Amino acid sequence: MGRAFVYVILGGGVAAGYAALEFTKKGVSPGELCIISEESVAPYERPALSKGFLLPEAPARLPSFHTCVGLNEERLTTKWYNEHGIELVLGTRVKSVDVKRKTLLTATGETISYKILVVATGARALKLEEFGVNVLEAENVCYLRDLADASKLVNVMQSCVGGNAVVIGGGYIGMECAASLVINKINVTMVFPEDHCMPRLFTTKIADYYEDYYKGKGVKFVKGTVLTSFEFDSSGKVTAVNLKDGTRVPADLVVVGIGIRPNTSLFEGQLSIEKGGIKVNGKMQASNSSVYAVGDVAAFPVKLFGEIRRLEHVDSARRTARHAVNAIVEPEKTDDFDYLPFFYSRVFGLSWQFYGDNAGEIVHFGDYSGKSFGAYWVKDGLLVGSFLEGGNKEEYEALAKATRLKPSVENLTDLENKGLSFSVEI
Ligand code: FDA
Ligand code: NAD
C-alpha cells in the first residue's frame, strides 16, 4: 500500500514549480497534489545556474531563485508547499511508471497512485562517454544541469583562478559558462565541431559578433574539431585535452555542454514519443488521457508553424505547465495551446531575445559594429522569426507582436532598410 493523490507532478524543476502555483490558483485542495523530485530542493529557476549562481561577487543562492520568481510571481519555498498542503517528495527518483494502473514506483520502494499525472522530468545532459571519450569521473570535469553540478563547478572554479579552462560545446551552456569563467578570471578556450557558435540558432553574421566580443575578453576559439581524449595526473585530475586536429590544450577545469536528451525512458512503450519527447495535444495531454507532459520533455503542437516541436527553454516550460493545469482543472474553458517560441540569453553586458522560428531566408539589420542589431527570418513570404541584441522592453515587445502576426514581406531589401522599425510600426 502507498499513498494516493488526485494530481502527481513527476519531476521538480521549472515546469513543476509553475504547475504547482497554477494548481493553487485554480483552488486545488490540501492533500490533492504531490510533487516527486530526484533533486533535494524545491523547484527553482534553472537558468540562474549558468548566470547569477556563477558570479564571483554576491552570487545567487537558494532560496532567492526558487520558482516562480522568473515571471515576477510568488517565490515558492518548501514552507509555501507545506502551507498549501502540497506534498513535496524530494530526493526521490521514480523508478517506474505504470500508466494503465496509474501508479509510480519510487527508488525508496513506495508506490504512489494518481488520477492525473503531469510529467515534468525535463532532460539530462549528454555525457562525453556517449561520444566515446573516457572521463573517469574526473573531479575537474563539470557538466551543468542541476544544483549539484553548479556547486561542483563553483568549487572547481574557485580552485583555479588565473588558470585555464576548456569549454567543450558552443551552445547555450558553452557560451554562458565561458562568460562566467572569464568573469571569474579564468582563461578560456572554447572547442566545438561547428564553424561558429550557437549553430542551432545564430547565423554566421550573428555568431561572428559574439565570437569577436568574446575574443575581446580573451576567449580563444578552436572550431571545427572535437575532443578525442583527456590527459590525467596521478590523482585522476584532467591536466589537458587532446583534440582530433592534433591540438593539445592545457586545462585546470573542463566544462562540457554538448546538448541534452529528454527524460522519456519511464514512458517508452507506454506513450507516443515524437521528436525525442512525449507527444501531447494542444491541451498538453499525452496518448494516455490521464497523463500530461510539460517543459523540455513535451513535444507539443506549435499552432503558429503547424508542427509538433519540442523546445528546451524556460519560457516554454513555464507556459506549457500553466496550460496543462488549466486544461486539467478547467477543460471546457481551455483552448488549444497557442505559443510563440521565445528564447533569450544574457552574457557579460550583452542580452538578446529571439521569437518564432529560424527558418527561411535571413535578413540582418542594425549596426553589427555597435550595440544593437538583429535579424528576421522570412519563409514563404512571411516573417516567421526575429532576433534582437541590445533592445529595450518596448522593442522586444514589438518584435514578439510582429512575429506572432506573421506579416507578409514583399521585399527583403525594404525589410533590411526598415530593420527594427518594421516591427515597431506594426
Ligand atoms: P527541469 O530540468 O527544470 O526539471 C526536471 C526535473 O525532473 C528535475 O528536478 C529532475 O531531477 C526531475 N526528474 C527527472 N527524472 C526524474 C525521475 N525519474 N524521478 C524524479 N525526478 C525526476 N532556458 C532559457 O530559456 N533561458 C535561459 O537562460 C536558460 N538557462 C539555462 C541554464 C542552465 C544551466 C540550464 C541547465 C538550462 C537553462 N535553460 C534556459 C533551459 C531551462 O532551464 C529548461 O528549459 C527548463 O528547466 C525546463 O524545465 P523542466 O521543468 O521541463 O525540466
Ligand atoms: P546545445 O544544444 O545548446 O549545444 C550543444 C553544443 O554541443 C553544440 O552547439 C555543439 O557545439 C556541441 N557539440 C555537440 N556534440 C559535440 C561533441 N561531440 N563534442 C564537442 N561539442 C559537441 O546544448 P547545451 O549548450 O549543452 O545546453 C543544454 C540545454 O540547456 C539546452 O536545452 C539549452 O536550451 C539549455 N540552456 C538554455 C539556455 C538559454 O536558453 N539561455 C542557457 C543554458 C542552457
Side-chain angles (χ1 to χ4, degrees), residues 9-19 35-51 53-54 67 70 89-97 104-107 118-126 128 130-133 143-150 153 167-177 180 190-202 223 225-228 243-244 255-266 277 293-298 310-318 320-321 341-347 352-354:
I9 301 174
L10 168 48
V14 173
Y18 281 81
I35 296 179
I36 311 173
S37 176
E38 198 167 3
E39 292 188 81
S40 56
V41 293
Y44 56 87
E45 303 285 356
R46 202 164 300 282
L49 298 183
S50 53
K51 305 175 187 68
F53 196 88
L54 302 183
T67 57
V89 182
L90 298 177
T92 305
R93 189 170 60 84
V94 169
K95 263 186 15 181
S96 63
V97 180
L104 315 167
L105 178 64
T106 70
V118 179
V119 183
T121 46
R124 65 173 180 84
L126 280 171
L128 283 168
E130 296 172 63
F131 295 88
V133 179
Y143 291 86
L144 187 52
R145 183 72 203 177
D146 60 20
L147 198 60
D149 295 338
L153 176 55
V167 173
I168 308 289
Y172 288 94
I173 293 285
M175 292 302 279
E176 293 187 5
C177 286
S180 295
M190 291 191 71
V191 178
F192 48 85
E194 298 88 358
D195 58 8
H196 66 72
C197 68
M198 294 287 291
R200 289 205 289 162
L201 181 64
F202 286 2
K223 303 191 273 187
T225 190
V226 290
L227 173 95
T228 49
L243 307 180
K244 202 171 181 180
V255 178
V256 186
I258 55 172
I260 61 167
R261 280 289 173 277
N263 291 318
T264 55
S265 60
L266 293 171
V294 294
D296 282 9
V297 79
R310 199 182 54 72
L311 300 175
E312 301 174 354
H313 294 275
V314 75
D315 184 66
S316 147
R318 293 165 178 159
T320 52
F342 165 48
F343 318 150
Y344 71 90
S345 184
R346 287 189 292 270
V347 284
W352 59 258
Q353 299 196 6
F354 170 85

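Nothing here was measured: the structure is a model prediction, and the numbers come from that model. Note that ligands are numbered from 1 as they come in the structure, with each ligand's atoms numbered from 1 the same way.
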Would you say the side chain of [Y] lies within less than 4.5 Å of the side chain of [X], judging by non-hydrogen atoms?
| X | Y | result |
| --- | --- | --- |
| Val133 | Thr228 | no |
| Leu153 | Leu54 | yes |
| Ile9 | Ile36 | no |
| Glu38 | Thr92 | no |

Counting each atom of ligand 1 from 1 as listed, which ones have a heavy atom of [X] under 4.0 Å away?
| X | answer |
| --- | --- |
| Gly295 | 52 (O) |
| Glu39 | 8 (C), 9 (O), 11 (O) |
| Leu266 | 18 (N) |
| Ala120 | 5 (C), 6 (C), 7 (O) |
| Ala317 | 48 (C), 49 (O) |
| Glu312 | 41 (C), 45 (O) |

Kindly write out the residues that satisfy ring-ring contact (aromatic ring centres under 6.0 Å, His included) with His313, not counting sequence neighbours, or none if the list is empty.
Tyr172, Phe343
What part of [X] sits under 4.0 Å from ligand 1 if we count only heavy atoms: the side chain, the backbone, both or neither?
| X | answer |
| --- | --- |
| Thr92 | backbone |
| Leu311 | neither |
| Lys95 | neither |
| Ala15 | both |
| Asn263 | side chain |

Stepwise, does the side chain to side chain donor-acceptor pair (under 3.5 Å) test hold for Arg46 with Tyr44?
CA-CA 6 Å; Arg46 202 164 300 282; Tyr44 56 87; 3.0 Å; yes
Among protein heavy atoms, which lies nearest [atom], and at what distance?
| atom | result |
| --- | --- |
| atom 52 (O) of ligand 1 | Asp296 N, 2.9 Å |
| atom 4 (O) of ligand 1 | Gly13 CA, 3.2 Å |
| atom 31 (C) of ligand 1 | Pro47 CA, 3.5 Å |
| atom 12 (C) of ligand 1 | Gly11 CA, 3.6 Å |
| atom 30 (N) of ligand 1 | Lys51 NZ, 3.1 Å |
| atom 21 (N) of ligand 1 | Glu38 N, 3.0 Å |

Could you tell me whether Glu176 and Lys51 have a side-chain N and a carboxylate O separated by less than 4.0 Å?
yes
Electrostatic pair Glu39-Arg145, nearest N-O below 4.0 angstrom:
no
Flag Val94 as yes when one of its N or O atoms lies below 3.5 Å from any N or O atom of ligand 1, and as no otherwise.
yes
Without swapping roles, check the side chain of [X] against the backbone of [Y] for a donor-acceptor pair under 3.5 Å.
| X | Y | value |
| --- | --- | --- |
| Ser180 | Ser50 | yes |
| Arg310 | Asp296 | yes |
| Glu194 | Pro199 | no |

In this structure, CG of Asp315 is separated from OH of Tyr18 (nearest 0.5 Å) by 9.5 Å
To the nearest 0.5 Å, atom CZ of Phe192 lies from atom CD1 of Ile258 at 14.5 Å
Option nearest atom 15 (N) of ligand 1 (shortest heavy-atom distance, choices Thr121, Leu144, Val294):
Thr121
Run Arg261 and Asn263 through side-chain contact (heavy atoms from CB on, under 4.5 Å) and show every step you take.
CA-CA 6 Å; Arg261 280 289 173 277; Asn263 291 318; over 6 Å; no
Can you pull the residues with any heavy atom under 4.0 Å from ligand 2?
Phe131, Ile168, Gly169, Gly170, Gly171, Tyr172, Ile173, Glu176, Phe192, Pro193, Glu194, Pro199, Arg200, Val226, Gly257, Ile258, Gly259, Ile260, Glu312, His313, Tyr344, Ser345
Among the heavy atoms of [X], does any lie under 4.0 Å from an atom of ligand 1?
| X | answer |
| --- | --- |
| Ser345 | no |
| Ile173 | yes |
| Tyr344 | yes |

